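Report on one structure; see the data block that follows.
Model, not experiment: these values are computed from the prediction. So you know, we letter chains A, B, ... as the sequences are listed, proteins then strands, and number each from 1.
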Amino acid sequence: MKSSGSSFYDRIYRLVGMIPPGRVATYGQIARLAGRCSPRNVGYAMSSVPPDSPVPWHRVINSRGRISVRSDGEPCDAQRQMLRSEGIEFGPGGTVDLSVFGWRGPAGEVSNDEQW
DNA sequence: CTTTTGACGCGTA
DNA sequence: CTACGCGCCAAAA
């Protein structure tokens, strides 16, 4: 398979890449699944996500169900549109109902066929 | 090698 | 509901 072993970043990308459409995961969620309980690293990893990475980073938002903002200080409008396109609805203020669109985790995706 | 930063999480006020 | 501070780990300079 692949000479992975890049770093724990690769783990983040993989977890994010397994998020099903119409679902959103939080940084803390990814951080926990990644094995490291540092939500900051997840955000940092996302920001470090190269444009050639097949990682739907737009499906990763903060625990409050809000879209994160970049260093620019303004959230990516495109991200909100993409999530909206996937069937995710935003409440007043741009909040997402994690109780409905919150990703249950790899347990709800792994079909025993997905290998790491 | 050390230091700074970084798309966060959570508790408390 | 919002605002502030602390904690966390890793990568980049």
Among the nucleotides [options], which one has an atom lying closest to any side-chain atom of [X]?
| X | options | value |
| --- | --- | --- |
| A:Asn62 | B:dA7, C:dA10, B:dG9 | B:dG9 |
| A:Arg66 | C:dA11, C:dT2, B:dA7 | C:dT2 |
| A:Ser68 | B:dA7, C:dC8, C:dA11 | B:dA7 |
| A:Pro39 | C:dG7, B:dA7, C:dA11 | C:dG7 |
| A:Asn41 | B:dA7, C:dC9, C:dA12 | C:dC9 |
| A:Ser63 | C:dA11, B:dA7, B:dG9 | B:dG9 |

Is the shortest side-chain heavy-atom distance between [X] and [Y] below 4.5 Å?
| X | Y | value |
| --- | --- | --- |
| A:Arg64 | A:Thr95 | no |
| A:Pro21 | A:Arg59 | yes |
| A:Glu89 | A:Asp97 | no |
| A:Ile61 | A:Gln79 | yes |

Separation of [X] atom [atom1] from [N] atom [atom2], in whole Å?
| X | N | atom1 | atom2 | answer |
| --- | --- | --- | --- | --- |
| A:Ile12 | B:dG6 | CD1 | P | 18 Å |
| A:Gln29 | C:dC8 | CD | C1' | 18 Å |
| A:Tyr44 | B:dA7 | OH | C1' | 12 Å |
| A:Leu33 | C:dC9 | CG | C1' | 17 Å |
| A:Arg32 | C:dC9 | CZ | P | 13 Å |
| A:Ile19 | B:dA7 | CD1 | C1' | 13 Å |
| A:Arg64 | C:dC4 | CZ | P | 12 Å |
| A:Phe8 | C:dC8 | CZ | C1' | 11 Å |

>> Does B:dA7 have OP1 or OP2 under 4.0 Å away from a side-chain N or O of A:Arg80?
In response: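 No, because none of the side-chain N or O atoms of A:Arg80 sits under 4.0 Å from OP1 or OP2 of B:dA7.
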> Is the shortest side-chain N/O distance from A:Ser48 to OP1 or OP2 of B:dG6 below 4.0 Å?
Replying inline: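 A:Ser48 to B:dG6 OP1/OP2: no side-chain N or O under 4.0 Å.
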> Are the side chain of A:Arg80 and the backbone N or O of A:Ile67 linked by a donor-acceptor pair below 3.5 Å?
Replying inline: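 No.
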